[in-house]
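Right, one structure below, let's go through it.
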Amino acid sequence: MSDLLDELNSEQRAVAEQTEGPLLVLAGAGSGKTRAITYRIAHLIETHRVAPWSILAVTFTNKAADQMRERVARLLASRREQSPESMSGEGATPAAGADGRAKPLISTFHALCVRILRREIEALGYSRDFAIYDEDDQTRLLKACLNDLGLSDKLFTPRQALSRISYAKNQGISPEEMYQTARDSDTETLASIFGRYRDRLRAANALDFDDLLLKTVELFEKSVELADSYSRRFRYIHIDEYQDTNRVQYRLIRQLTRTHHNICAVGDEDQSIYRWRGASIENILRFEEDFREAKVLRLERNYRSTQVILDGASAVVSNNRARKGKNLWTERRTGRSIGVYQAGTAEGEAEFVAGEVAAALGANPNASVGVLYRTNAQSRLFEEAMRARRIQYRLVGGFSFYARAEIRDALAYARLAFNQRDTAAFLRIINTPPRGIGETTVAQIQALSRENRLTLWEALEEMLVRGKEGPMRTARALASFHALIQTLAEEGKRLRMAEFFRSLLDRTGYLAMLKDQNTPEAEGRIENLLELVNAVAAAEEAGENLTAFLDRAALVSDTDDYDERARVTLMTLHSAKGLEFDSVFLAGLEEGLLPHKMSMDDDAGLEEERRLCYVGMTRAKDRLVLTASATRRFWGEEGRRNTHRSRFLDEIPDKFTERLSSSGRVETNWQGAFNSRESVEQFLRTTGFESRLKPSRISAPIPAGSKWRRGNRVRHPKYGIGTVIACEGEGETEKLTISFPGYGAKKMLPHFATLEKA
DNA sequence: CAATATCGGGTTTTT
DNA sequence: CCCGATATTG
């Protein structure tokens with residue numbers, strides 16, 4: 001049988017072979033670090049005969065974990081095929097997994113902690129059926145805390161407070177510590193909000209994202225024996241993206257490696273982009289002090305990008321001081337220069353990118369393209385430009401499936417059935433669908449729970465006992481709600497999961513409510529709910545129980561359902577980490593946007609912005625284009641503001657770049673026409689005039705001359721078939737008034753709405 | 001109590 | 001521009 005490690009380069013091979021003791025791998029972008037780790041794991045199992053279950057690999061995203069898991073499985077499977085005789089005892093292995101084999105544990109930090117806590121959390125006084133609060137639950141709870149303390153949300157918006165609390169938690173700071181070290185009264189107030197928030201979380205038997213890590217660390221601190229038993233179980237530990245670990249994660253790593261020092265930390269200080277979430281680049285810079293016997297290996301050969309892309313990216317990031325420094329190289333000596341395009345308007349920038357994307361896909365329909373930007377708000381213009389050109393794209397970010405209201409409602413019912421202390425779930429669905437339990441009644445329940453230290457559920461039961469105090473119909477509504485949840489709780493134990501969810505949607509009247517609404521939106525929601533039932537059925541088949549399913553639903557993020565097959569992907573720079581594309585368009589290289597104005601004031605913040613830029617640039621395999629706009633409109637305000645080109649653009653030596661002009665890519669006449677309009681606008685601006693040009697007919701990427709007339713029958717994806725009753729405007733601003741039976745008249749822009757002739 | 005109309009404020013990045 | 005929070009009405 002061939003040697004497994006022959007498939008690695010010498011640097012990667014050294015990583016795989018260094019199996020004992022602490023190892024820090026400084027892996028540049030595109031240097032095959034995942035490859036090195038997966039081979040290392042396979043090597044441990046195959047050559048060193050290490051039991052798979054004693055191997056742990058921790059990543060930050062579910063996607064990275066899935067990917068690594070799959071690659072390890074594939075690697076091991078292909079090796080077995082090569083030597084079938086060595087596997088004659090197949091199926092008889094005692095600790096066999098579902099497919100007949102034990103597997104290494106490859107998981108995110110959060111999922112690992114949930115796993116541990118579901119077994120052990122009782123030692124901290126929580127019950128094992130604790131709820132996991134996501135951002136939405138957290139915000140609601142925080143608002144309630146502000147209310148409790150009689151604070152308006154003027155001083156801190158719930159979001160602000162939450163982000164500061166989260167930061168503190170990730171630093172391992174308690175409310176008491178925050179109060180004691182507070183230097184101003186605002187921070188003192190915040191500390192009291194923090195304290196109240198913590199107490200209410202605990203009363204709800206709930207953990208937020210940060211708690212998942214924090215409580216695990218607390219647990220291990222409380223019982224060293226327990227920590228050691230986990231440490232002994234996980235004899236070989238791998239940490240991916242080590243540069244993004246925060247202090248709490250760091251403590252957890254120390255606890256897990258207490259009985260051995262077999263830690264393989266892989267990271268790249270140049271790709272540390274989560275400082276704002278408490279990630280501390282120090283962890284990677286200090287590794288050798290933390291683990292004295294540490295070996296340090298570097299992966300500097302890049303397999304992804306062309307040399308000129310690497311040179312440009314390196315030129316930018318080399319302006320940072322806080323780094324170990326490295327020299328990325330590739331054998332891909334030839335390649336196009338980095339394109340730089342300066343548009344007059346943000347719309348023009350998006351148009352240009354869409355045009356280039358179309359050209360790239362025209363040359364190679366299978367090319368992958370990433371359109372990357374700093375803030376989610378930038379996505380809209382790119383979406384519109386893509387749609388106008390009929391380019392299929394996939395948007396990462398925004399609302400994920402599990403964040404949709406109807407899905408969260410359904411999950412809240414399941415959560416409440418499962419754990420009646422779950423306050424967030426309780427409040428979410430107590431009157432959804434409307435069942436006659438309004439604000440006043442809910443406030444009464446809350447008051448009762450506060451006064452008597454009851455959970456909301458217990459307070460509800462108390463109200464039922466007292467019965468007649470309130471109006472009769474309220475009492476009946478409460479009783480029927482109570483009975484509903486009890487039925488669901490009972491069914492949750494008895495029924496198969498998919499059945500349970502189907503029954504839940506039915507019994508709660510949720511589906512009926514949506515059906516009654518009889519709107520296209522409601523139909524979409526119904527479809528989503530059916531999709532949820534499918535997901536539940538799939539989970540059931542995979543052997544997941546209800547808790548495991550709810551845990552997973554709580555921990556999935558938008559980036560996770562990113563689909564490799566989509567040719568064009570729109571996403572933020574943060575979401576793009578770990579991905580690669582044949583062509584990358586990095587947009588909005590303007591001061592205030594990249595670097596972002598919120599973090600360009602101090603050096604540390606600015607360096608992180610620079611790393612963000614670096615991450616974006618190094619996603620590109622063949623083609624990298626950086627774009628900026630001379631003006632930009634903020635929050636839909638009337639006028640446009642002038643911008644300044646990003647300092648990062650100036651950090652790239654000219655020899656690596658080529659200036660792109662729109663004329664260089666003209667394929668059809670109207671594109672040229674569009675650009676000439678843009679240049680007129682720019683001229684007017686420089687001479688001090690606001691452009692009065694209406695978006696011209698020729699500028700519209702959709703062929704000019706309206707295809708819509710009064711009386712046309714049209715089909716809309718949401719509203720179905722309708723009749724055009726009025727037309728106004730032309731080109732991009734053409735507006736139709738369409739009457740849809742059942743929905744009345746709607747005004748819409750055919751430029752954006754997907755309308756077909758029916 | 002629920003459904004509709006109006007107003008004001010808000011965007012950095014996310015497990 | 002889009003969202004939620006508030007006021008008003010049925």
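Naming: A, B, ... by sequence-line order, numbering from 1 per chain. No hydrogens, no waters, no symmetry mates; every other heavy atom, side chains included, goes into these values.
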Checking [X] side chain against [Y] main chain: does a donor-acceptor pair fall under 3.5 Å?
{"X": "A/Q271", "Y": "A/D268", "result": "no"}
{"X": "A/D422", "Y": "A/R415", "result": "no"}
{"X": "A/T643", "Y": "A/S629", "result": "yes"}

Nearest to the [X] side chain among [options], which nucleotide is it?
{"X": "A/T440", "options": "B/dT13, B/dT15, B/dC1", "answer": "B/dC1"}
{"X": "A/T108", "options": "B/dT14, B/dT12, B/dT15", "answer": "B/dT15"}
{"X": "A/F209", "options": "B/dT15, B/dT14, B/dT12", "answer": "B/dT15"}
{"X": "A/H596", "options": "B/dT15, B/dT12, B/dT13", "answer": "B/dT12"}
{"X": "A/T375", "options": "B/dT11, B/dT12, B/dT14", "answer": "B/dT12"}

Inset, instruction - Give a yes or no on whether a donor-acceptor pair under 3.5 Å exists between the nucleobase atoms of B/dT15, that is its base, and the side chain of A/H110. - result: yes
Interatomic distance, [X] [atom1] vs [N] [atom2] [rounded to whole Å]:
{"X": "A/W276", "N": "B/dT14", "atom1": "CH2", "atom2": "C1'", "value": "4 Å"}
{"X": "A/L117", "N": "B/dT15", "atom1": "CG", "atom2": "P", "value": "19 Å"}
{"X": "A/L593", "N": "B/dT11", "atom1": "CG", "atom2": "P", "value": "16 Å"}
{"X": "A/D137", "N": "B/dT15", "atom1": "CG", "atom2": "P", "value": "16 Å"}
{"X": "A/I273", "N": "B/dT13", "atom1": "CD1", "atom2": "P", "value": "12 Å"}
{"X": "A/E135", "N": "B/dT12", "atom1": "CD", "atom2": "C1'", "value": "12 Å"}
{"X": "A/H574", "N": "B/dT12", "atom1": "NE2", "atom2": "P", "value": "12 Å"}

Pairs under 3.5 Å (N/O, protein and nucleotides 4-7 of chain C):
unit_1: C/dA5; atom_1: OP1; unit_2: A/K143; atom_2: NZ; d: 2.8

Inset, instruction - Using a 4.0 Å heavy-atom cut-off across all strands, classify A/R275 as base, sugar-phosphate, or nothing. - result: nothing
Inset, instruction - Kindly state whether the pair A/F60 / B/dT15 counts as stacked, where counting means centroids closer than 5.5 Å and planes tilted less than 30° apart. - result: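 Here A/F60 fails the 5.5 Å or the 30° condition.
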Can you name the residues that form a salt bridge (charged side-chain N to carboxylate O under 4.0 Å, His left out) with [X], not counting sequence neighbours?
{"X": "A/R69", "value": "A/D66"}
{"X": "A/R645", "value": "A/D650"}
{"X": "A/R254", "value": "A/D290"}

Inset, instruction - Please state whether the rings of A/F426 and A/F481 are parallel, tilted or perpendicular, taking 30° and 60° as the class boundaries. - result: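 It falls in the perpendicular class, over 60°.
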Using a cutoff of under 3.5 Å, can you pull out all pairs of nitrogen or oxygen atoms linking the protein to nucleotides 2-5 of chain B, with atom names and distances?
unit_1: B/dA2; atom_1: OP1; unit_2: A/N431; atom_2: ND2; d: 3.2
unit_1: B/dA2; atom_1: OP1; unit_2: A/G436; atom_2: N; d: 3.1
unit_1: B/dA2; atom_1: OP2; unit_2: A/N431; atom_2: ND2; d: 3.0

Inset, instruction - Could you say whether A/D210 or A/A377 is positioned toward the 5' end of DNA chain B, judged by the nucleotide with the nearest heavy atom to each? - result: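 Here A/A377 is the residue nearer the 5' end.
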Inset, instruction - May I have the step-by-step check of salt bridge (Lys or Arg N to Asp or Glu O under 4.0 Å) for A/R408 and A/D137, ending in yes or no? - result: CA-CA 10 Å; A/R408 292 180 46 76; A/D137 298 325; 3.0 Å; yes
Legend entry - Under the side-chain hydrogen bond (donor to acceptor under 3.5 Å, both in side chains) test, residues paired with A/R610 that sit two or more places apart: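 With neighbours one apart ignored, the set is A/N320, A/E651.
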